[in-house]
Structure formats: structure tokens, C-alpha cells
Colleague: 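This is the structure, below, for whatever I ask next.
If you're wondering where the values come from, they're calculated on a predicted model, not measured in any experiment. Start at 1 and go down the list; that is how both ligands and their atoms are numbered.
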Amino acid sequence: MTSRYPVLYRSIQGIALLAVLLSLLVPGWLSSVQLIVALVMILLIGIPHGATDYLIFQQLSRPLWGSREMTRFYINYILLMAAFAALWWILPELALLVFLGISIYHFGQSNWNYVGFQSKLEAVGTHVLWGSFVLFVPILWHYETAAPIIGSITGAPAPQISGAWREAVSITLLVLNLWLCVYYFVQDKVTRKEFMDEVVNLFALALLLINLPLLLGFAIYFVCWHSLSSMMDQIRFFRRQVQSYNVAQYIKNALPLSLAAIGTLGVFAFAQVKMDIPLNIGIVFVFISVVTLPHMILIDQLYQEDNAVSAYNSMNKEF
Ligand SMILES: CC1=C(/C=C/C(C)=C/C=C/C(C)=C/C=O)C(C)(C)CCC1
């Protein structure tokens, strides 16, 4: 995926490696600033990357505009969020597993969406392997930090996993993902340059996710890798509908919902401070997962349409 936006990703990898260097030279300093740095990045880029969902939805459902189907679609979305919130209420451990599963697929899809897969199974397998790498490596490598967070999300203690197992799974995930790059290169699905870019990217991510404190490493991945590439892909998608669509317009479109989301979080935080309630990270996580679920489904539809258009274009080129 980094080959699609080379300048952006070379810069991000450079910044990530500088952060790794900083963590080795001044250990402890990044831990003390990680929460504020992660928060600022998520507010400025992480939240806005999901704030144009309403436009994607409008474009994807264009044939339904003005019909009753459209209202039914909105209602289904709200029902989906309500059902997921109910699952959190009744079976929090299952809800967490569902959310982790969909997140893994979503992260993998934002990296490997440019490859023409032979089957749905190949696509899902690839997305799951890549997404598992960026989600499980930081969680398993920094399990002493992750376990209490998981405990506060589910309300039950996180399972105990030995250090040897955690390291073995993390390294296996890296090796399997490297093998995936080789597989697609051998299959002629990626060019030599794309292959090299994927391999460099995997090592840069591994260094970042292992060396940086959990929340900072994951936030840098989530914001710089995932949210930025998702934003760029969304801009490409909108540009197909309106050719002059640009970054400034994207910012303008994302602003209202981003401000609404940031404002809501601000009110929550202010109320908690006023009432002297300690921050409940579990509730914040559940809230984020419920609003993120429709976003992930929508983006899946965006990539499916993207692939259909690419297949159509390459078919036309052949004839
Ligand atoms: C469980 C767990 C985590 C998982 C976070 C996830 C799964 C985030 C998914 C975000 C998505 C999918 C955003 C979409 O735009 C953290 C924060 C690493 C910390 C340790 C515990």
C-alpha cells in the first residue's frame, strides 16, 4: 500500500524510526508523553478519517436516493449499532472478540486493497494475517499494559499468556506476513518495487510496535498508516464522482462531524472531571467500537466498488 503514496509513507516511516531511536536513547520519556501525543493525533487525524462516512454512504447508495429504501438503510445502520451495544452489555467478551475480528480485517484491507485476489478466501486470509500483525504484535508484546485495559473493557481479568508464547506468536506473525509478500511477488500480483516497499514497511512497523510504549506505537500506526491511507483512498473515491475534488474539500467535508465527535468527547471528559469520576477506559472503548462498526462495513463496500471499477477499467483496456 505504501507504493501508492510513496512520499507520504517514506516520511512516516522516517518519523516512526526517529521515535524508535528516541525511545532507545531516552527510555521512559515517551511513556510520560504517550497519552497526550496519542490523543492529539487521534483528534486531528484518527477521528476525521471516519467523519466523511455520510458522504461515502450517499455516493454508494446513489441509486436509492430519495426512495424508501434509503430510510430503511439508515434504520438498519442504527439498529446495527444498537445490536452491537446490546452485545457489549450481555456478552462483553464475545463483543470484544467480534470487534477485534472486524478491526483486524479492516486494517488488513487498508493495506492490501490494491491486489487483485483470486478468491474471497484469499482476500480475507490476506487481510486477516496483516491485520493480526498490527493488532496482536503490540498487544502481545506489551501485554502487561494491555491486560489491565482488556480487563476494564470486558469487566473480567484478561487471560494469562506466557512471555514465550507471546513472543513466539508475534515473530510467527511477522514471518507469515513476510511470506505473504513473497507469495504475491512470485504470483506476479505485486511488482518488485511493491514487494520491496511491503517488506520495508513490515520491518518499520515491527520496530515501531515493539519498541514504543503500547498506546503510542498503536496510535502512530492507527493515525499515520491506517487513517492517512484511508483518507487518501476516500479522496480518490470522491474524485471519481467529482474530478476536481481535493484535500481542502475533504477537510471541509470532514470538519462538521469531527467537531461534533470531539465536542462530545470534550463534554464527557469535562463532566467526569467535574464529578470527580476516574476515567473509565472500558466505556470509552465500547463507545468508540459501537460508532466504528458501521464505518468498517462502509469502507468494505467502498473497496468492493473500487475493485469493481478497477476490474472494469482493466477489462476495457484489454479489448
Ligand atoms: C483491545 C486493545 C486495543 C485494541 C484496539 C482496537 C481493536 C482498535 C480498533 C480501531 C478501529 C478499527 C478503528 C477504525 O477506524 C488497544 C487500543 C491496542 C490497547 C490494548 C487493548
Colleague: Students should be able to answer this: which protein heavy-atom is nearest to atom 19 (C) of ligand 1, and at what distance?
Modeller: Leu214 CD2, 4.1 Å

Colleague: In the protein, which heavy atom is nearest to atom 12 (C) of ligand 1, and how far is it?
Modeller: Ser103 OG, 3.3 Å

Colleague: Between Gln249 (side chain) and Asn246 (backbone), is there a donor-acceptor pair under 3.5 Å?
Modeller: yes

Colleague: Write out the residue and atom name of the closest protein heavy atom to atom 14 (C) of ligand 1, then the distance separating them to 0.1 Å.
Modeller: Thr292 CG2, 3.3 Å

Colleague: For residues Gln234 and Ser230, is any side-chain donor paired with an opposing acceptor at under 3.5 Å?
Modeller: yes

Colleague: Would you say atom 16 (C) of ligand 1 touches the protein, meaning some protein heavy atom is under 4.0 Å from it?
Modeller: no

Colleague: Does Leu18, at its CG atom, have more than 12 non-hydrogen atoms belonging to other residues, nucleotides or ligands within less than 6.0 Å?
Modeller: yes

Colleague: Find all atoms of ligand 1 within a distance of less than 4.0 Å from any non-hydrogen atom belonging to Phe99, and give their numbers and elements.
Modeller: 7 (C), 9 (C)

Colleague: Answer yes if the ring centres of Phe117 and His127 are under 6.0 angstrom apart, and no otherwise.
Modeller: yes

Colleague: Considering non-hydrogen atoms of the protein only, which is the closest contact for atom 2 (C) of ligand 1, and what is the distance?
Modeller: Ile139 CD1, 3.8 Å

Colleague: Of Tyr221, Phe136, Phe218, which has the heavy atom at the shortest distance from atom 8 (C) of ligand 1?
Modeller: Phe218

Colleague: Suppose we measure from atom 10 (C) of ligand 1 to each protein heavy atom; which comes out shortest, and what is that distance?
Modeller: Phe107 CZ, 3.8 Å

Colleague: Only heavy atoms of His295, strictly under 4.0 Å: list the atoms of ligand 1 that pass.
Modeller: 15 (O)

Colleague: Spell out, as yes or no, whether a donor-acceptor pair under 3.5 Å connects the side chain of His142 to the backbone of Leu215.
Modeller: no

Colleague: Could you check whether the rings of Phe99 and Phe285 sit parallel, tilted or perpendicular, using 30° and 60° as the cut-offs?
Modeller: perpendicular

Colleague: List ligand 1 atoms under 4.0 Å from Met296, heavy atoms only on the residue side.
Modeller: 12 (C)

Colleague: Classify the angle between the aromatic ring planes of Tyr221 and Phe218 as parallel (below 30°), tilted (30 to 60°) or perpendicular (above 60°).
Modeller: tilted

Colleague: Within ligand 1, which atoms have a heavy atom of His49 less than 4.0 Å away?
Modeller: 15 (O)

Colleague: Is it true that the side chains of Asp197 and Tyr9 contain a donor and an acceptor less than 3.5 Å apart?
Modeller: no

Colleague: Nearest to atom 5 (C) of ligand 1, what protein heavy atom do you find, and at what distance?
Modeller: Phe285 CE1, 3.6 Å

Colleague: Nearest protein heavy atom to atom 13 (C) of ligand 1, by residue and atom, and its distance?
Modeller: Phe222 CE1, 3.4 Å

Colleague: Heavy atom under 4.0 Å from ligand 1: found in Thr145's side chain, backbone, both, or neither?
Modeller: neither

Colleague: For Glu122 and Gln118, indicate whether the former's side chain and the latter's backbone hold a donor-acceptor pair under 3.5 Å.
Modeller: yes

Colleague: Which of the numbered atoms in ligand 1 are under 4.0 angstrom from any heavy atom belonging to Leu100?
Modeller: 7 (C)

Colleague: Side chains of Thr126 and Tyr184: any donor to acceptor distance under 3.5 Å?
Modeller: yes

